[in-house]
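Both counts, for ligands and for their atoms, begin at 1 and track the order of listing. Counting begins at 1 with the first residue of the sequence.
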Amino acid sequence: MDKITIEAPAKINLTLDVKGKRDDGYHELETVMHHVSLIDKISLEKAPDITISSDSDLIPHDENNLAYQAAKLILEKNGKKAGVKIFIEKNIPIGAGLAGGSSNAAAVLLGINKLYNLNLSHQVLQELAGKLGSDVPFCLTNTSALARGRGEKLTPLPNIEKLHFLLVKPDFQVSTAQVYKEFDLEKVRQVPDTKAFLKAWQEYDIISLANNMQNVLESVCLPKYPEINKIKLDMLKYGALNAIMSGSGPTVLGLFNDQEKIHRAYTGFLQDYKEVFKISSYIRGE
Ligand code: C5P
């Protein structure tokens, strides 16, 4: 095999709680992460060096790209002198709270493991992923998960029936590092009830699931960017069961259980926003 293409799905957070700041500067999280059907495609081809190109000029085409760093890490760790030609078909918005870069890096790890027959176990891949970024270990997995620690300690959740979402990304990006820097536990008014969310998940009680969706990082982003709150309110007007910001934002996700309503919301938001996506839960290989 000389070539392989791997799908790299976006991630959303259905709950996100920050428990406190750690000694290493990171924040201790408790968050439910979910793969969704907004997908980048990563093509890998055996080559003498690592090179990177994309149909998007919004991402770095050099070693600053996390996908490049993933290739370097896994090839060097395995004593491979060879490289890889990486092409990224970009569909996931950048700086959006959707883990696009992390998902691309995870796909490179999975792809190179196959392309070069490295036969690395899932656990070894997870360790490499953790070195690249907090969201990369989750992006390697096939299931939804409750994530703790920096985001790398994963408890898989059972698959449930597909959930349907509308994603709306306002026309600006936010820096994850900046959002965490500005996070102040004292400014958080409501924390997610993760236990209640997980109970609703087990019972597939979609109303309770929706009611328990909550993201404490909104306490940083909503006062700063009122547009995020406007999108949340509009999403509810269109009939979403609930709407929250994903990750460190600024993308808002609305959970719907009615195809007509989600379609009306989709066409409505498209009048004001370029980046609107009607998506659902993603399971690799389906
Ligand atoms: O791990 P990653 O490089 O994706 O994280 C980006 C930034 O977000 C980190 O540099 C850190 O400032 C912040 N972060 C955090 N706590 C986490 C995850 C990320 O403070 N659990």
(message) Tyr225 vs Phe172, test: ring-ring contact (aromatic ring centres under 6.0 Å, His included). Steps then yes/no.
(response) CA-CA 10 Å; Tyr225 309 107; Phe172 58 88; 4.7 Å; yes

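Using a 4.0 Å cut-off between charged side-chain N and carboxylate O, Lys131 and Glu127 make no salt bridge. Ion pair Lys169/Glu275 flagged as a salt bridge, since at least one NZ, NE, NH1 or NH2 atom sits closer than 4.0 Å to an Asp/Glu carboxylate oxygen.
Interatomic distance, Asp55 CG to Ile88 CD1, rounded to the nearest 0.5 Å: 9.0 Å.
Listed by chain and number, residues touching ligand 1 at under 4.0 Å (heavy atoms only) are Gly25, Tyr26, His27, Leu29, Gly133, Ser134, Arg150, Thr176, Ala177, Tyr180.
Both tests do not hold together for Lys80 against Tyr116: distance to the six-membered ring centre under 6.0 Å, angle to the ring axis within 45°.
In this view, Ser281 and His34 satisfy the side-chain hydrogen bond (donor to acceptor under 3.5 Å, both in side chains) rule, not counting sequence neighbours.
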